[in-house]
Amino acid sequence: QHESWRIRRSMQLNLFIVMFIVFGASSAACVMQWKVYQTITQERMVHYLVIIALGLISPELCATICEFFTAVNCPPVANLAHDADLGMIQVILQGMGQGFLSAGVPSIVNIAVQIVAFRWEEFYGLVLLACASLACTGWQATVAAFGAVANNANRIVHLTTVNEIAHHRANACASIGTQMSHNGKCVAGQNAFF
């Protein structure tokens, strides 16, 4: 019931709800500019909506990619743990490689999204992309702050109690907390790109 992946998916679902609300409001504004005020064409409205959607989804996509390479319950970290008997150098080199992948693949996603936005709407597309990306950054920062709080709570629980259930729950929160902290760093890096 209190497994780290369930908590993460619950937080992701909440973020998707926020994204849906932001996209709905943006869509209403774009449709109003196209239909009512006739200040933009239908093609430009579609471009705006796609750029906004890319800006909303790309930070979470990048965070999910980072999570795949760094989460305890994902194959790359399990493979690293499995290869630990080969020695310290193997773990360090393989860990560094996974670290580069966890940063490099999201960078490629980021660059692709920026190219699409620039090709369609030039600099205004980049500005729109950055604004859409920042729309959910507050939520992501809150989730990243949860990571630090969960890790500190884990330490306190382990130092102050011997209750096994409390230890299990604290360990689950600490596991998700570590992922959340890393995801927050990934999103902050992506927003710096924009």
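This structure is a prediction, so every number in the text was calculated from the model and none was measured.
- Side-chain contact check for Tyr124 versus Tyr48: some heavy-atom pair is nearer than 4.5 Å.
- Cluster membership check: Leu15 does not share its hydrophobic cluster with Leu134, using side-chain heavy-atom separations under 4.5 Å among Ile, Leu, Val, Met, Phe, Trp and Tyr.
- The side-chain heavy atoms of Phe69 and Val77, taken from C-beta on, include no pair separated by under 4.5 Å.
- Here the straight-line distance linking atom CG of Leu129 with atom CG of Leu56 works out to 9.5 Å at 0.5 Å rounding.
- To the nearest 0.5 Å, atoms CD1 (Ile176) and CG (Asn73) are separated by 8.0 Å.
- Counting heavy atoms from C-beta outward, Gln12 and Phe16 have side chains that approach closer than 4.5 Å.
- The closest donor-acceptor contact from the side chain of Thr161 to the backbone of Val157 lies at 3.5 Å or more, if one exists at all.
- Scored by the salt bridge (charged side-chain N to carboxylate O under 4.0 Å, His left out) test, Glu67 finds Arg8, Arg9 as partners (sequence neighbours excluded).
- Residues passing the side-chain contact (heavy atoms from CB on, under 4.5 Å) test with Leu86 are Asp83, Gln90, sequence neighbours excluded.
- Between Ser102 and Ile65 there is no side-chain heavy-atom pair separated by less than 4.5 Å.
- The backbone N or O of Arg6 sits nowhere less than 3.5 Å from a side-chain atom of Ser10 that would complete a donor-acceptor pair.
- Hydrophobic clustering keeps Leu126 apart from Ile108 (ILVMFWY residues linked when any side-chain heavy atoms are closer than 4.5 Å, directly or through intermediates).
- Across Val113 and Ser58, no two heavy atoms sit closer than the pair CG2-CB, 4.1 Å.
- Between Cys30 and Ile52, the closest heavy-atom pair is SG-CD1, 4.4 Å.
- Annotation: salt bridge (Lys or Arg N to Asp or Glu O under 4.0 Å) contacts involving residues 13-42, sequence neighbours excluded, are absent.
- One finds the NE2 atom of His168 at 9.5 Å from the SG atom of Cys173 (value rounded to the nearest 0.5 Å).
- In terms of modelled atom types and a separation under 3.5 Å, the side chain of Ser175 and the main chain of Asn171 share no donor-acceptor contact.
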Side-chain donor-acceptor distances from residues 37-47 under 3.5 Å, at least two apart:
residue: Thr39; atom: OG1; partner: Gln33; partner atom: O; Å: 3.4
residue: Thr39; atom: OG1; partner: Gln33; partner atom: OE1; Å: 2.6
residue: Thr41; atom: OG1; partner: Arg44; partner atom: N; Å: 3.2
residue: Arg44; atom: NE; partner: Glu121; partner atom: OE1; Å: 3.1
residue: Arg44; atom: NH2; partner: Glu121; partner atom: OE1; Å: 3.4
residue: His47; atom: ND1; partner: Glu121; partner atom: OE2; Å: 3.1

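- Proximity of Met96 to Ile92: side-chain heavy atoms (C-beta onward) are separated by under 4.5 Å at one or more points.
- Both Val22 and Met11 are assigned to one and the same hydrophobic cluster, defined by single-linkage of ILVMFWY side chains at heavy-atom distances under 4.5 Å.
- For the atom pair CG (Asn110) and CD1 (Ile115), the distance works out to 10.5 Å, reported to the nearest 0.5 Å.
- How far CD of Gln114 is from CD1 of Ile51: 11.5 Å, rounded to the nearest 0.5 Å.
- Placement of Trp34 and Phe23 within a single hydrophobic cluster is found when ILVMFWY residues are connected by side-chain heavy-atom separations under 4.5 Å, directly or transitively.
- No hydrogens or angles considered: nothing links the side chains of Asn154 and His167 as a donor-acceptor pair under 3.5 Å.
- With sequence neighbours left out, Ala145 forms a side-chain contact (heavy atoms from CB on, under 4.5 Å) with no residue at all.
- Linking ILVMFWY side-chain heavy atoms closer than 4.5 Å, directly or via other members, places Ile57 and Leu49 in a single hydrophobic cluster.
- Counting heavy atoms from C-beta outward, Gln98 and Leu80 have side chains that approach closer than 4.5 Å.
- Among residue pairs with one or both ends in residues 92-118, those qualifying as ring pair (Phe, Tyr, Trp, His ring centres under 6.0 Å) are Phe118-Phe123; sequence neighbours excluded.
- Going from atom SG of Cys136 over to atom CD1 of Ile17 covers 11.5 Å, rounded to the nearest 0.5 Å.
- Side-chain atoms of Cys66 and Pro106, non-hydrogen and from C-beta on, do get closer than 4.5 Å to each other.
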